[in-house]
Structures are given as C-alpha cells and as structure tokens.
Amino acid sequence: MIEIRNLHATVDGKEILKGIDLTIGPGEVHAIMGPNGSGKSTLSYVLAGRDGYEVTKGSVSFYGEDLLAMEPEERAAAGLFLAFQYPVEIPGVANMTFLKSALNAMRKHRGEGDLDAMQFLKLVREKTRSLNMTDEMLKRAVNVGFSGGEKKRNETLQMAVLEPKFAILDETDSGLDIDALKIVADGVNALRSPERSMLVITHYQRLLNYIVPDHVHVLAHGRIQRSGGKELALELEQKGYKDFGVEEAA
Amino acid sequence: MAATHETVEQVRALAEQKYKYGFTTDIDAETAPKGLNEDIIRFISAKKEEPEWLLQWRLRAFEAWKTMQEPHWPKLDYGPIDYQDAYYYAAPKLKNKPKSLDEVDPELLRTYEKLGIPLKEQAILAGVEGTEGQAPAIAVDAVFDSVSVATTYKAKLEEMGIIFCAISEAVHKCPELVQKYLGSVVPYTDNFFATLNSAAFTDGSFVYIPKGVRCPMELSTYFRINQANTGQFERTLIIADEGSYVSYLEGCTAPQRDENQLHAAVVELVALDNATIKYSTVQNWYPGDANGVGGIYNFVTKRGACRGVNSKISWTQVETGSAITWKYPSCILQGDNSVGEFYSVAITNNRQQADTGTKMIHIGKNTRSTIVSKGISAGRAQQTYRGLVKILPRAEGARNHTQCDSLLIGDQCGAHTVPYIESRNRSARVEHEATTAKISEDQLFYCRQRGLSEEDAVSLIVNGFCKEVLKELPMEFAVEAQKLVGISLEGSVG
C-alpha cells in the first residue's frame with residue numbers, strides 16, 4: 001500500500017506539487033492524466049527520490065515505511081520502480097551487465113546473496129521469453145542506439161527482472177507508434193499481478209486502451225482535480241483539459 | 001546540481017581511503033650515499049660487475065645529462081626536484097645471491113604475496129597445462145628497489161630458447177644482445193629523464209624471444225619501490241626476433257610516504273620481421289594523499305621499434321597511480337606494413353597530474369597505427385593527452401586513426417587534448433576524433449533508481465567508458481584493472 005498525503009514539492013524554488021493525496025492498494029493500477037506542466041513527471045521523480053526535487057510538506061508511506069527518508073537506491077530495493085520517459089544511454093555497459101549489477105545490488109540491500117552468472121542467465125531468458133523478446137538486446141550497450149520502441153521494451157524487461165512491488169510508468173507511450181505501443185503494453189500487462197501496483201502517467205487516453213486502469217486521476221495545477229474510473233479517461237479524450245482551467249496548445 | 005556536488009564530495013571522501021599497497025617491508029637494505037656523481041655510477045656498475053663498455057656508456061650518459069635541462073613543456077605543476085637528495089642505489093641485503101626461490105628472503109616473498117604477485121612456481125603437471133579452469137602460468141620477474149629479486153619459470157622458458165631475466169644478469173649471460181640493442185631505441189642522449197636513467201639504471205627485465213618462437217606464457221615484471229628517498233631507475237629491454245610473439249605485463253606499487261619519490265624508467269622494445277610484442281602496464285604507484293602530499297613522480301620513456309616488415313607493437317596501459325605522470329609509449333614504424341597500437345586508460349583523482357599520450361612515427365610503407373586514449377579526471381586532477389602522429393615522406397599509404405575521449409567527474413578537474421599531426425606524404429590518411437563528456441546526473445539517477453549505489457554507478461559508467469581499452473588487456477589483468485578503476489574512483493572494492 002502506497003499512501004501519499006498532502007505532498008508538496010518544489011523544483012528550483014518553484015512549487016510544482018501543491019498537495020497531492022493518493023492511495024494505491026496492492027494490485028491496483030492507477031492512471032494519472034494531465035496537461036503538460038501539470039506536475040506529472042515531477043510526481044514520479046519525487047517518488048523515486050531524484051536530487052533537485054525537494055519535498056516541502058507531506059508524507060509518503062510505502063508499505064509502512066517512510067519513503068521520503070530513503071535514498072533512491074533504497075527506494076528501488078524496497079520495491080519502487082520507475083520506467084523512464086527518456087531511458088538513459090550508458091555507453092560501453094552491456095545491458096546484461098547492467099541488469100545483473102542492478103539485480104544483485106538489490107539482493108544485497110535485502111540481505112540476499114548474489115545470483116551467479118548461470119542463475120542470472122536462466123532468469124533473464126525466462127523473462128525475455130515471457131515478454132516475447134529476443135535476447136539480442138541484452139548484448140548491446142544500455143539503450144545506446146535503441147529505437148524509441150526498444151528503449152521502452154528494455155524498461156519493461158528491467159521491470160520484469162527486478163520484480164518491483166510498485167511501478168511508475170512515466171509517459172510510456174511517448175515516442176511510440178501504435179505497433180510498438182501494443183508490444184510494450186502487452187509486456188506491462190503480463191506483469192500485472194495482485195501484489196504489484198502501478199501508476200501510469202500519461203497525457204493521452206490512447207495508452208489506457210491497452211493498459212486498462214482501475215482508477216483515473218486528473219492532475220492539473222499541482223493537485224488532483226478529479227478522480228474516477230476508467231471512463232474518466234474517455235471523457236477527457238473528448239473534452240480535453242479545459243474544464244480544469246487549462247488551455248491546450250495544439 | 002546536487003548529484004554532481006555529491007559526487008565531488010564522494011570523490012573527496014575517497015581520498016581518505018587507504019592506498020592498498022602502502023605498506024613498507026622491514027628489510028635490511030644496502031644503500032649507496034645520496035646523490036649522483038661519477039663515483040656512484042662506478043659504484044653501481046661495480047656492484048653489478050659490469051663490463052667496461054657499459055660503464056663507459058653510463059659515464060657518457062652522465063656527462064650528457066649534466067648539460068641537459070629538465071623539460072618544462074608538459075602541463076605539470078610541481079616543485080623543483082633535488083636530484084642530489086635521493087639514493088640511486090638500494091638493495092635488499094642478500095647474504096648470497098639466491099640461486100632459487102627457496103633461497104630468497106622470506107620477508108621479500110611475503111611482500112609479493114601481500115601484493116598478490118605469485119612468485120612461487122606452481123608445479124604444472126604435464127598435459128594438465130591449459131586445461132579448463134586452470135589459471136594460465138605467468139612468469140614473473142620481481143624488482144625490489146634497485147635489484148631483481150626473483151625470476152620464475154626461468155628453466156621452462158630456457159628450454160625454448162627464451163631468455164627472461166634481470167637485465168644485470170643478461171649483461172653477463174648474453175652480452176652481445178645487450179650491447180647490440182641497449183640504447184638502440186632510446187639513445188642515451190634522448191631526453192633528460194632517459195639520460196638520467198642511462199647513467200644510473202640499476203636493474204630491470206630483459207627478454208629475448210628467438211626466431212619463430214611464440215612465448216607460451218605471459219611474461220611479467222613487478223616493480224616495487226620500498227626504500228625511503230629512493231629513486232627507481234629500471235630499464236627494460238625486449239627483443240622479439242623474426243616471426244616471434246610475446247605478451248609482457250608490467251605492474252608497479254610503492255609504499256605510502258610523505259615525500260615524493262622519483263621513478264624514471266626506460267623501456268625499449270625491438271620487433272624484427274613478422275614479430276609481435278604486446279606490452280601491457282597496470283601502473284598503480286602511490287598517488288599521494290588528497291592534498292597532493294607525497295606520491296611517485298613518474299617520468300618514463302617507453303618506445304618500441306618495429307624494425308622488421310609486418311612487425312607489430314601494441315601498448316596497453318592502465319594508469320591510475322603516481323602524483324605526476326609523464327609518459328608517452330611510442331612506436332617507430334620502420335618496417336613496411338608494420339603496425340603500432342596504443343590503448344590507454346588514465347585515471348587521475350585528487351591532486352594527481354598526468355601528461356600522457358603516444359608518438360607514432362610512420363617511416364615504412366603501408367604502416368598503420370591506432371590510438372585509443374580514455375582519460376578520466378576527478379577531484380582537482382589535471383590530465384593532458386599529448387600525442388604525435390608523424391608521417392615521413394617514404395611512408396606511402398600510411399594510416400592512422402586516433403580517438404581521444406575524456407570524462408570529467410565534478411567541476412574542479414581538467415582534461416586537455418593536444419594532438420600533433422605532421423604528414424609529409426600525400427597518400428597518408430590520418431584521422432582524429434575527440435570527445436569530452438561528464439558523467440551526467442541522468443545516468444547516475446538512472447543507475448540509482450535501478451538499485452545501484454552512487455559509487456557502484458560511477459564505477460559501472462567509467463568501466464563502460466574504458467571498455468575499448470580494458471578489453472585489450474590479457475584476461476587475468478583485465479579483471480584486476482576493472483577493480484582498480486573502481487578503487488581509484490571510489491574505493492568500494494577491497
């Protein structure tokens with residue numbers, strides 16, 4: 001259970017989040033929709049603990065623990081995963097090496113032993129197969145020269161291997177054509193489980209046709225303006241965000 | 001901003017991290033009086049029971065040295081060096097010259113054990129050698145202060161006609177080879193530090209690979225400065241005769257001391273027709289503390305001559321230590337179709353300074369050279385890549401490709417690239433690529449979100465950055481080097 005209470009945060013001294021309240025239960029998929037500049041990505045970075053995103057008020061309880069007191073890597077080890085809107089390139093580091101380092105670092109945090117090369121290979125093979133991926137991508141350097149679709153699939157694979165309790169998908173649909181979107185959504189859906197909750201952040205309703213949420217929230221001006229079921233997304237698709245005092249540019 | 005700041009903080013914290021090889025060995029040593037003069041040179045020469053020609057060669061070098069000036073063109077900032085305030089000869093006191101490892105002072109053996117250098121020869125059973133899972137044998141020559149203390153696997157190599165021994169021993173064993181090649185690549189008048197070395201060199205390794213022989217194991221020299229106030233002036237000479245192959249590794253450490261110690265080595269490589277020499281260095285001399293107190297001054301002249309057709313010399317270096325590094329392993333590509341390579345990773349942290357690079361001199365036709373240099377600066381370190389690619393008129397069809405990448409960690413360090421290109425043949429093709437990058441906050445955050453600590457993230461990113469060079473190292477060195485990259489930057493690996 002993730003409980004966000006009256007969360008305020010600033011970036012470069014400017015207040016972006018102005019009191020977010022949100023409770024996400026185990027296995028639930030919540031969508032946050034909102035216009036550009038409403039604070040969607042800020043919320044994901046604040047939850048993941050990025051430097052420069054300063055919490056000024058409020059609390060976040062993550063399965064009973066104080067999330068905001070933890071370092072980013074401790075949050076990751078506790079089971080928080082952020083699928084990046086723009087996955088970062090790390091030249092010269094093979095995807096496989098990266099995944100293995102990440103998994104073993106988390107296992108260490110949790111007091112578990114390292115997986116050896118063979119055990120790890122077996123695990124990754126299993127995951128790639130379940131996501132309908134080839135392991136060709138594992139030999140390449142992390143995200144270097146990947147297409148938009150490949151980058152997002154790679155994020156999904158990382159999620160599959162790291163098995164988080166809570167995944168935040170930040171604008172996973174951006175930069176994807178419809179075919180790539182379907183593949184990534186299939187991957188994400190395959191990872192839905194009663195123990196894993198998700199927060200899907202998106203500008204467009206389109207993604208939610210493929211990853212169907214249990215709850216939809218509209219974020220504007222740093223606050224959740226309205227909450228509802230999945231039909232709220234369709235309503236927004238028709239009416240836009242102008243009811244929330246936002247003029248959409250194109 | 002904050003992440004960068006933290007990284008800087010972290011790098012600073014690392015400085016307090018203890019240099020792993022900083023211990024001293026308590027051993028009785030014999031030293032010559034401080035300073036350098038004709039008498040000391042005669043003393044060194046007499047100690048080694050050298051022939052007259054070598055003594056005269058040393059003395060000529062000393063005469064030349066007295067007229068020379070220390071070079072000030074490198075981008076290095078250090079106080080004046082008092083060359084008369086150092087010991088030029090220090091040797092562990094040996095009752096008798098040891099004939100086998102069993103006779104070597106156990107204290108010395110323990111030192112090398114602590115350093116992780118295998119001086120014990122593992123019995124290799126016939127037929128078992130090279131089987132899966134068994135570490136390949138490495139023959140080691142260990143140089144402690146001014147003398148070589150042990151060379152392993154000598155007998156096995158001798159069966160194949162390979163000579164691998166201390167250079168002081170080679171002077172007696174194969175004087176004609178030493179006389180023919182010593183100073184033939186780096187003449188005694190070459191430069192201030194090489195000339196000083198020619199006058200005062202005390203020991204080093206000698207390798208001769210006979211015609212058509214492929215050396216079956218890595219040859220390795222391990223240099224260790226132990227004695228306080230001692231300079232180390234070793235001289236290495238490797239000759240690969242026609243059609244032969246050798247891979248040679250060099251490692252170095254020194255105890256942690258507050259004063260600066262001088263290291264002025266010379267390495268000469270000679271590759272004849274169709275011969276290949278692969279020379280790898282992992283240099284981890286004591287770098288000084290966070291404030292730049294202490295550390296080794298490393299002024300080294302390394303040069304290889306591809307004398308024969310189709311010969312090849314490949315330098316790979318991982319430089320993480322020393323307070324000051326001044327070093328340009330070079331290739332003279334004299335034989336037609338000869339190949340020169342230089343792969344380098346240099347890491348400078350805290351107050352370390354390095355001015356390093358290479359020279360590729362293309363003389364023969366269709367000569368080719370490749371330069372890949374990766375420089376990483378952290379803390380308040382300054383690092384310069386300085387390289388020369390020179391194509392002479394006769395070098396029809398010569399080709400060079402140079403790639404220089406710099407990585408900066410924090411905002412108080414510097415990276416400088418100074419490439420010189422001189423081409424005097426129209427058919428030559430010379431390419432130069434250079435990049436400078438910082439470890440981005442995006443990369444760090446991405447790694448941390450995946451559970452890696454900031455230290456491990458930096459290590460992973462830097463190892464990725466150096467990968468092209470690290471993969472050139474022999475297997476058993478590559479793992480060490482990867483760890484060293486980690487230690488030099490964060491000290492997380494013990």
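Protein chains get the first letters and strands the later ones, always in sequence-line order, with residue 1 at the start of each.
Using a 4.5 Å cut-off on side-chain heavy atoms (C-beta onward), A/His203 and A/Asn36 make contact. Put simply, the side chain of A/Thr23 reaches to within 4.5 Å of the side chain of A/Arg5, judged on heavy atoms.
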After noting the C-alpha distance and the side-chain angles of A/Thr172 and A/Val200, does the key distance pass the side-chain contact (heavy atoms from CB on, under 4.5 Å) rule?
-> CA-CA 8 Å; A/Thr172 291; A/Val200 181; over 6 Å; no
Any chance you could lay out the ring-ring contact (aromatic ring centres under 6.0 Å, His included) test for A/Tyr53 and B/Phe445, step after step, and finish with the verdict?
-> CA-CA 12 Å; A/Tyr53 291 76; B/Phe445 177 61; 8.1 Å; no
Before giving the answer on side-chain contact (heavy atoms from CB on, under 4.5 Å), spell out for B/Tyr279 and B/Ile313 the whole-Å C-alpha distance, their side-chain angles and the decisive distance to 0.1 Å.
-> CA-CA 8 Å; B/Tyr279 192 105; B/Ile313 289 180; 5.9 Å; no
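In this model, a donor atom of one side chain and an acceptor atom of the other lie less than 3.5 Å apart for B/Gln283 and B/Ser322. No donor-acceptor contact under 3.5 angstrom links the side chains of B/Gln403 and B/His401, judged on distance only.
Below 4.5 Å, heavy atoms of chain B meet heavy atoms from A/Glu155, A/Gln158, A/Leu162, all part of residues 153-163 of chain A. Interface with chain B: from residues 100-115 of chain A, residues A/Ser101, A/Ala102, A/Ala105, A/Met106, A/His109 qualify, criterion being any non-hydrogen pair under 4.5 Å. Residues of residues 79-92 of chain A lying under 4.5 angstrom from chain B, judged on non-hydrogen atoms, are A/Leu80, A/Phe81, A/Leu82, A/Ala83, A/Phe84, A/Pro87, A/Val88, A/Glu89, A/Ile90, A/Pro91, A/Gly92 in numerical order.
Using a 4.5 Å cut-off between heavy atoms, A/Asn143 touches chain B through its side chain atoms alone. Contact of A/Ala48 with chain B is made through backbone and side chain together, with heavy-atom distances under 4.5 Å.
In this structure a side-chain-to-backbone donor-acceptor pair under 3.5 Å is missing from B/Ser280 to B/Thr316. Of the possible donor and acceptor atoms, one in the side chain of A/Asp116 sits under 3.5 Å from a partner among the backbone N and O of A/Met118. In this structure, B/Gln352 contributes its side chain and B/Asn349 its backbone to a donor-acceptor pair below 3.5 Å.
For A/Arg50, the salt bridge (charged side-chain N to carboxylate O under 4.0 Å, His left out) partners at least two apart in sequence or on another chain are B/Asp442.
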